[in-house]
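Report on one structure; see the data block that follows.
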Protein chains: 2
Amino acid sequence: MAKQKIPAMPSIRRLPSYLYIVQQAHQINQEYISGTVIAQELKLEPIQVRKDLAITGIVGRPKKGYPTTELMNAINRFLGWDTIQPAILVGAGNLGTALAGYEEFRLHGINIFAAFDAEKKKVGTSIHRIPVYPLSAIDKQVKKSGAKIAILTVPSEHAQEAANLIIEAGITAIWNFTNHKLNVPDHVVVQKEDLSSGFAILSVMMRNRDQ
Amino acid sequence: MAKQKIPAMPSIRRLPSYLYIVQQAHQINQEYISGTVIAQELKLEPIQVRKDLAITGIVGRPKKGYPTTELMNAINRFLGWDTIQPAILVGAGNLGTALAGYEEFRLHGINIFAAFDAEKKKVGTSIHRIPVYPLSAIDKQVKKSGAKIAILTVPSEHAQEAANLIIEAGITAIWNFTNHKLNVPDHVVVQKEDLSSGFAILSVMMRNRDQ
DNA sequence: TAGATTGTTAATCGATTAACAATC
DNA sequence: TAGATTGTTAATCGATTAACAATC
């Protein structure tokens with residue numbers, strides 16, 4: 001569904017930051033990490049960390065904490081980041097190019113294998129080793145690969161038409177980096193990423209501090 | 001303060017999307033726009049839109065809605081986006097370069113006048129007409145310009161040292177695009193932008209839908 | 001005027017936090 | 001063992017939603 005009730009959205013948002021901490025602990029060969037320590041690191045309440053981690057199904061050990069390897073696996077499994085998923089990039093502009101080069105996405109199972117752009121001069125080139133195709137090639141590429149995920153980084157004015165195009169081709173999950181609220185059928189999920197929202201928070205924090 | 005209580009964070013997050021809608025209405029010469037219409041556009045509840053807009057101080061007119069020009073001004077003023085603020089970009093990699101080229105930030109009053117990078121081969125070049133300096137030039141450039149805002153896009157491993165450097169130079173607001181939770185003194189505000197969080201939500205929505 | 005829309009006050013809902021028994 | 005930490009159940013807090021009088 002376009003807007004689906006998913007349990008404990010704020011908790012899910014925090015999971016990646018826990019994963020980051022746990023991975024660091026794992027790398028220096030720590031066998032266990034406690035919710036208390038994770039909380040300290042992120043300046044959260046320990047009880048919140050424990051509650052959040054519980055949704056992944058991980059079981060900790062009193063006095064020791066959570067086994068780092070198991071916890072990493074539990075979070076990755078819960079988020080579906082333990083399987084590699086083909087994904088397309090629609091819009092090979094500044095932001096699209098940056099995201100295409102974001103190595104970390106690989107750790108989340110995202111494999112961007114094709115990019116698409118309306119600009120003719122970009123077609124045939126490649127960004128971070130990912131070939132850029134014309135928009136007309138979307139249908140074929142999506143069907144051939146079975147990709148379900150698209151990262152949408154076209155100019156906001158063209159967001160809806162681009163969305164229509166990729167949904168038609170078979171995309172069912174859109175990571176939307178445009179300002180446009182997309183109209184999509186019920187079987188398509190959309191996550192709207194809004195950089196302006198983050199800056200709005202920073203702006204208000206600045207003003208509040210300065211009176 | 002590092003973590004400051006700011007009123008109605010979720011409301012503030014939604015303001016930029018309202019602004020986007022209102023700007024569109026304004027462009028096609030609509031004199032008024034109602035909370036009902038904004039809500040429809042964004043698939044929100046009208047009452048939520050009205051409550052959110054109230055924090056900007058805007059006063060609407062029964063039956064007509066909100067005057068578009070006044071509403072744009074009210075939101076921009078509330079967010080402090082009506083004044084131009086000098087800002088620096090720390091880390092001229094993929095993401096940094098993309099953000100430097102993000103024209104929309106200009107509408108939010110952000111004026112990125114200098115970028116800094118640890119890589120010698122980048123120093124002396126420019127990204128989207130913004131000159132790239134070595135990290136050692138931060139102090140001078142920040143003091144000269146009086147910049148308070150920094151966009152942090154260095155690799156996560158170097159986030160804390162870079163933060164220390166810019167805070168030392170006089171930066172008091174950091175838009176943090178790294179995975180690292182920064183340790184900062186009380187007078188510095190930080191907004192952590194986490195792309196992974198957004199993808200976590202999308203991932204779970206996909207899994208929920210598919211059972 | 002009639003009725004759509006605002007803004008206020010109250011009710012509901014969900015997330016965070018607190019308390020505490022269980023446990024290794 | 002003693003005590004740090006987990007996980008559960010209950011209390012609090014804040015955000016969303018509902019109800020409705022005011023108004024142009």
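When the side-chain nitrogen and oxygen atoms of B:R50 are compared with OP1 and OP2 of C:dT6, one or more of them lie within a distance under 4.0 Å. Residue B:Y66 places at least one side-chain N or O closer than 4.0 Å to OP1 or OP2 of C:dG7. The phosphate of C:dA22 (OP1 or OP2) has no side-chain N or O of A:R61 nearer than 4.0 angstrom.
Both B:G65 and A:P62 sit near DNA chain C, but only B:G65 has its closest nucleotide nearer the 5' end. The 5' end of DNA chain C is approached more closely, in terms of each residue's nearest nucleotide, by A:I47 than by the other of A:K64 and A:I47. Comparing A:K63 and A:I33 along DNA chain D, the residue whose closest nucleotide (by nearest heavy atom) sits nearer the 5' end is A:K63.
The partner of C:dT9 is D:dA18, by the rule that a Watson-Crick or G-U pair needs both atom distances under 3.5 Å. In this structure, D:dC24 forms a base pair with C:dG3, meeting either the Watson-Crick or the G-U wobble geometry with both donor-acceptor distances under 3.5 Å.
Residue B:R14 contributes atom CZ, which lies 12 Å from atom C1' of D:dT17 at whole-angstrom precision. The separation between B:L71 atom CG and C:dT6 atom P is 11 Å, rounded to whole Å. A:Q48 has its CD atom 14 Å from the P atom of D:dG14, to the nearest Å. Here C:dT6 presents its P atom at 13 Å from CG of B:D52, a figure rounded to the nearest Å. Remark: P of C:dA11 and CD of B:E45 are 20 Å apart, rounded to the nearest angstrom. Rounded to an integer number of Å, the gap from B:Y32 OH to C:dT6 P is 12 Å. The CD1 atom of A:I12 sits 12 Å away from the P atom of C:dT16 (whole-angstrom rounding). Rounding to whole angstrom units, CD1 of residue A:I38 and C1' of D:dT5 are separated by 12 Å.
Considering only side-chain atoms of A:S11, the nucleotide from C:dT16, D:dT16, D:dA18 that sits closest is C:dT16. Closest approach to the B:V59 side chain among C:dG7, D:dA15, C:dT6 is made by C:dG7 (side chain taken as heavy atoms from C-beta onward).
Side-chain contact between B:D52 and B:Q48: present, with at least one pair of heavy atoms (C-beta onward) separated by less than 4.5 Å.
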In sequence, state the C-alpha distance, the side-chain angles, and the governing distance for B:W175 and B:F105, and then conclude on ring pair (Phe, Tyr, Trp, His ring centres under 6.0 Å). CA-CA 13 Å; B:W175 200 5; B:F105 287 167; 5.3 Å; yes
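A:Q160 and A:N164 form a side-chain donor-acceptor contact under 3.5 Å, judged by distance and modelled atom types alone.
Taking the centre and axis of the six-membered ring of B:Y66, the NZ or CZ atom of B:R50 falls outside the cone set by 45° and 6.0 Å.
Enclosure of atom CD in A:E161 by more than 12 non-hydrogen atoms of other residues, nucleotides or ligands within 6.0 angstrom is indicated.
Donor-acceptor pairing under 3.5 Å, judged by distance alone, is present between the side chain of B:K51 and the base of D:dT17.
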